[in-house]
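Residue numbers run from 1 in the order of the sequence given. Atoms within a ligand are numbered from 1 in the order they appear, just like the ligands themselves.
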Amino acid sequence: MRLEDRLKAEGRRLGFHRVGIGPATELRRAREVLQAQQARGIDPAFVPKEISLRTDPQRWLPGARSLIAVALAYPRPPRPAPPDREPRGLIARYACFEDYHAAIENRLERLMRFLEDEAGRPIAWRSLVDTSPAVDRAVAEQAGVGAFGKNGCLFVEGAGSWVLLGAVVTDLPLEPDPPVELDCGACTRCLDACPTGALEPYQVNSRLCISEATQLRGPLPPERRASLGRSLWGCDICQQVCPWNRGMPEEPGPLQPLSQVGANPSLLEMLTLSRRGFLERFAQSALNWRDEKVLRRNAAYALGNLRRAEAVPALAERLAHDPSPTVRGAAAWALGQIGTPEARRALEERLAHEADEGVRAELEAALTAGRWSG
Ligand code: SF4
Ligand code: SF4
């Protein structure tokens, strides 16, 4: 058996759904996407000045010869909440499983040790797990793991886009795999379903994407708050509507589902999430790099979007006592959206005591631009 085939067999044994090999040459497609985004001024935080650092494997490992990319498939999230009257938020499917970073890193390390034994010589290699979404996907595409759909996701045969990606760059010369072909044809379902118009064919505008917004710190611009709907973390809409994803994996994969996360947490519980509560619930999940304040803020925006009057006492309590000005500001906005007389009273009372200028501005905006019912 060829070394490349032994590598792939070992990767499958370790739980990877797909292992692919590509040349360690420039990621031309990723460079073009990043250059186009930079020219249009899209989210400079995601577009570094020196694009070659993100797209040239020789900058990651001088003398590199090959890219090895892997895809870990994940199935349906655990335990959807049964229907009840509780206002509930949404957590993206990948975050309902154990943190994939460590799961992929550990397996990649074992895979590279295997490869070193098989090659019979020391190998120079470097992990590329979660370098950035654009680059992870471009490496996987170059290694023949999958192909892009119009929603900007990478589709892998037998798993759809429900995959998490990782890769290494190495000095070991390996025979590359052919590219995967995928043709969306005339389908535009993902583009039509995206609630914010963030999708252009094969590109996501991170300035409009809900998934990006849920992960940002600080107050979101008012126009982005309504677009969140009831999202607490991430957004799966453009994957859920895709016909390529129909019937994709239901059976358990190598990632452990986290029953304590749940795909639909109570928004009122998330609104009061403490540091300890965050760690108990999310420390093992891939959203552990953020903190409880972001989830409290998103819960407040979601309650404002749902306009549930029973949330007014909880929002008024956050407005008065939350230590984070961002969360107090989000609670003020949500009360303005709910627009009941009790919500107005809570805003007026807080205005008499609030010292933070940013929150005072939120209070004034909510009192003037809120959806007051009379
Ligand atoms: Fe649109 Fe959601 Fe897809 Fe982002 S993740 S492009 S907001 S559907
Ligand atoms: Fe392609 Fe249609 Fe899937 Fe979008 S929804 S990625 S256009 S097949």
For [atom], find the nearest protein heavy atom and state the residue, atom name and distance (0.1 Å precision).
{"atom": "atom 5 (S) of ligand 2", "value": "C190 N, 3.5 Å"}
{"atom": "atom 1 (Fe) of ligand 2", "value": "C184 SG, 2.3 Å"}
{"atom": "atom 2 (Fe) of ligand 2", "value": "C187 SG, 2.2 Å"}
{"atom": "atom 3 (Fe) of ligand 1", "value": "C238 SG, 2.4 Å"}
{"atom": "atom 7 (S) of ligand 1", "value": "I210 N, 3.2 Å"}
{"atom": "atom 4 (Fe) of ligand 1", "value": "C209 SG, 2.4 Å"}

Does a side-chain N-to-carboxylate-O contact under 4.0 Å join E362 and R297?
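So E362 does not pair with R297 through a salt bridge.
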
Relative to atom 6 (S) of ligand 1, which among L199, N151, V241 owns the nearest non-hydrogen atom?
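Comparing heavy atoms across L199, N151, V241, the nearest one to atom 6 (S) of ligand 1 lies in L199.
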
Test item: side-chain donor near acceptor, S161 and N245, under 3.5 Å:
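Yes, because at least one side-chain N or O of S161 sits under 3.5 Å from a partner of the opposite role on N245.
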
Strictly by modelled atom types, are Q260 and S285 linked by a side-chain donor-acceptor pair under 3.5 Å?
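The criterion, which ignores hydrogens and geometry beyond distance, is not satisfied for S285 and Q260.
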
Is any N, O or S atom of C235 under 2.8 Å away from atom 3 (Fe) of ligand 1?
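Given the 2.8 Å cut-off, C235 does not count as a ligand of atom 3 (Fe) of ligand 1.
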
Taking 4.0 angstrom as the limit and counting only heavy atoms of I237, give me the atoms of ligand 1 inside it, by number and element.
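Once the distances to I237 are compared, the set is 8 (S).
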
Just jot down the ligand 2 atoms closer than 4.0 angstrom to any heavy atom of K150, in number order.
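Result: 1 (Fe), 6 (S), 7 (S).
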
Quick one: is the NZ or CZ of R13 closer than 6.0 Å to the six-membered ring centre of F114, and within 45° of its axis?
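Verdict for F114: no cation-pi partner in R13.
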
